[in-house]
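A note on names: the letters A, B, ... follow the listed sequences, proteins ahead of strands, and every chain is numbered from 1. Only heavy atoms go into these numbers, but all of them, side chains included; no hydrogens, no water, no symmetry mates.
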Amino acid sequence: MTIAPSVSDALPEPASAPPPGRARAASAAAWLRSRRPRVGTVLAVAFLVLLVVAALAPGLLTSQDPLAPGGGPGFLAPFRSPAHILGTDQDGRDLFSRLVHGTRASLEMGLGATAIAVTGGTVLGLLAGLGTRFTESLVMRLVDVVLAIPELLLALVVVALLGAGTVDALVAVGVATIPYYARMVRAQTHVVRRSAYVEAATALGLSRSAVIRRHVLPNAVRPLMVLAAIGTGTAIGVGASLSFIGLGAKPPAPEWGSMLSTAVPFISNDWALVALPGALITLTVLSVTVAGRALKRHSEGRTGR
Amino acid sequence: MRAARLARRLGWRALAGVGVMWGAATASFFTLHGTAGDAALSTVSGQGADPTRAVLDQVRRDYGLDHPLWRQYTDYLGRLLHGNLGESYQQRVPVTHAIAGQLGGTVELAAGAVVVALVLAVGVGVLTAKRRRRWIGAASSGGELVLASMPTFVIGLLLLLVFSIGLGWFPVSGQEGLRSLVLPTFTLALPVAAILAQVLRSELEDVLEQPFVLTARARGMRDAGVRFRHALRHALIPLVTMSGAVVGWLLGGAVVTESLFNRQGIGQLMLTATTNKDIPLVVGVIIFTSLVYVVVNLVVDVAYTLVDPRVVTL
């Protein structure tokens, strides 16, 4: 639900001290072992690949119509009928098909909101990191103000101004998470700006925009990608929450959050209607986070702990 | 000397807090101003009335919309300083009254959640950090990762499924008695507990390698004593600095939790205001939450300057 801990995820951890005096063979074996990706990472990436397939070509996974009512009896429990492997919902629609077709909405929300946040955050961060002291303090004080407001409440403000709906919810989540990216880009910009190679580049007469393009941006990209990867998971969760409280995708559409909210009244009739979409959202956010952490370890040049 | 430094540090912090509030007030002024044209209209066009130009002008004068912008801005700040957050479009009551009326439910929920989250995080963190059996730490950090990945409403629904529908221990919704408070409190507390436990464990693993821990063990202190009496005190400091963030998570989580369990509170108020496009109320809740955030951060700052004297000299 929150991005704050993810920010600390994206920051580099202090490197652990190398083990004192081991045999060379042992350290080579350890090196090999550390190169091998973890089981969790492999599972997470495999699950994400499956999700991407479901989002791009849901027809490959299910032939059932996610919207047509009366495809079967309502509240059919999972694994009772080969036609409806995960059973049916209150209107007799195939649950598996609705879950598969709902993938696209979630991934769009996660990627779209993150794209907005990354773009806005990069612009603001560069403005703060490279501008005059006045622009810097203006931008950073603005970021401070926005950080004082919980992101879900901020998303609600945006929804109150724009209206409820899929795209508005996406914009709301994106705007609400801009400050985290802005802070990171500014910090990164400061580090690069003070480095000797930028000093050298400036001394060689490279223009300001060339310095930004060649040195500042490339150096900010890696940590930005790590933060974006982990932030995508968070955005999917917040987006589903907005749909759940009725401010995102609207009910007949197969979207996980709104599927859950329509299932609440029937929670005592059919546990699967609540448990399965809930598990799917959790697995999705979890996989994105695990993959993001692997990316982070990789970008810091060490794998495994 | 030390007192002077302390006062200066706290003075700066207070000033920064005032700055944040001023920024929030300015942002909300422009939000309100941008939608104020609708305000004049919606005030008079309640039941499909067709207001004449004269009536509209009257309303604009009443709301001060005919003044120059800077005058409206200073008037607005003046009203805020007097604790006047304006009037809700929908409910026709002062925003402060609307907030005050809903505060109790949320405070009850959030206070319980803080206690539960702290007890869980400290218990799990202290008992699982740096164990000889590696799987203990791995299992609990895996569990924390799963919990932290679950949106609040999913946690709430799963708790409902198991403890309300399955076991029948707690009511599904409502606000009567302690029993109806248990599931919402845990719904709000679990994700926070997961994050706090993660931070606490990684901190404890560093602290437990410090020489003073070895000294304590050498003196014959038992493992539990070392963990709870020595290590925990050091590891709690980063947790304290997260208080502001925790308040934010609780307020954000309250929107979802109150909606799911059908409880009255600030979250529910904010949600209704958003759905009704009741901008003054939405903005009022935001100003209120940023005030809470600023005050909590300030209090925490004072508290740990007093607890940890090193902070001032840094």
(request) Would you give the length of the straight line joining atom CD of A:E151 to atom CH2 of B:W249, rounded to the nearest 0.5 angstrom? (result) 10.0 Å
(message) So A:I245 and B:Q268, do their side chains get closer than 4.5 Å, heavy atoms only?
(response) no
(request) Give, as side chain, backbone, both or neither, the part of A:L162 having an atom under 4.5 angstrom from any heavy atom of chain B. (result) backbone
(message) Please report the interatomic distance CG(A:L283) to CE(B:M150), rounded to the nearest 0.5 Å.
(response) 8.5 Å
(request) Over all heavy atoms of both residues, which pair between A:G237 and B:P151 is shortest? Give the atoms and the distance, please. (result) CA-CG, 4.0 Å
(request) Tell me, for A:V288 versus chain B, whether the close heavy atoms (under 4.5 Å) come from the side chain, the backbone, both or neither. (result) neither
(request) Specify which of B:V247, B:V154, B:T274 makes the most heavy-atom pairs with chain A at under 4.5 Å. (result) B:T274
(message) Can you tell me which of A:L154, A:L260, A:V290, A:T284 forms the most heavy-atom pairs within a distance under 4.5 Å of chain B?
(response) A:L260
(message) To check you understand the geometry: which heavy-atom pair defines the closest contact between B:G23 and A:V145, and what is its length?
(response) CA-CG2, 3.8 Å
(message) So which residue, B:L145, B:T26, B:T289, B:V282, ends up with the most heavy-atom pairs under 4.5 Å with chain A?
(response) B:L145
(request) To the nearest 0.5 Å, tell me how far B:S149 OG sits from A:I236 CD1. (result) 11.0 Å
(message) With rounding to the nearest 0.5 angstrom, report the OH to CG distance, B:Y293 to A:L147.
(response) 6.0 Å
(message) Nearest 0.5 Å, please: how far is CZ in A:F244 from CG in B:L157?
(response) 5.0 Å
(message) For B:F186, I'd like to know if atom CZ has over 12 heavy atoms of other residues, nucleotides or ligands within 6.0 Å.
(response) no
(message) Please give me the minimum heavy-atom distance between B:M270 and A:L153, naming the atom from each residue.
(response) CE-O, 3.6 Å
(message) Please rank A:L142, A:D144, A:L242, A:V157 by heavy-atom pairs under 4.5 Å with chain B and give me the top one.
(response) A:V157
(request) Provide the closest heavy-atom pair for B:V20 versus A:A148 in the form atom of the first, atom of the second, distance. (result) CG1-CB, 3.9 Å
(message) If we define contacts as heavy-atom pairs under 4.5 Å, which of B:V192, B:L271, B:L251, B:L158 has the most with chain A?
(response) B:L271
(request) Could you grab the distance from atom CD1 of A:I281 to atom CZ of B:F153, nearest 0.5 Å is fine? (result) 4.0 Å
(request) Could you look at B:S290 and say if it's the side chain, the backbone, both or neither that has a heavy atom under 4.5 Å from chain A? (result) both
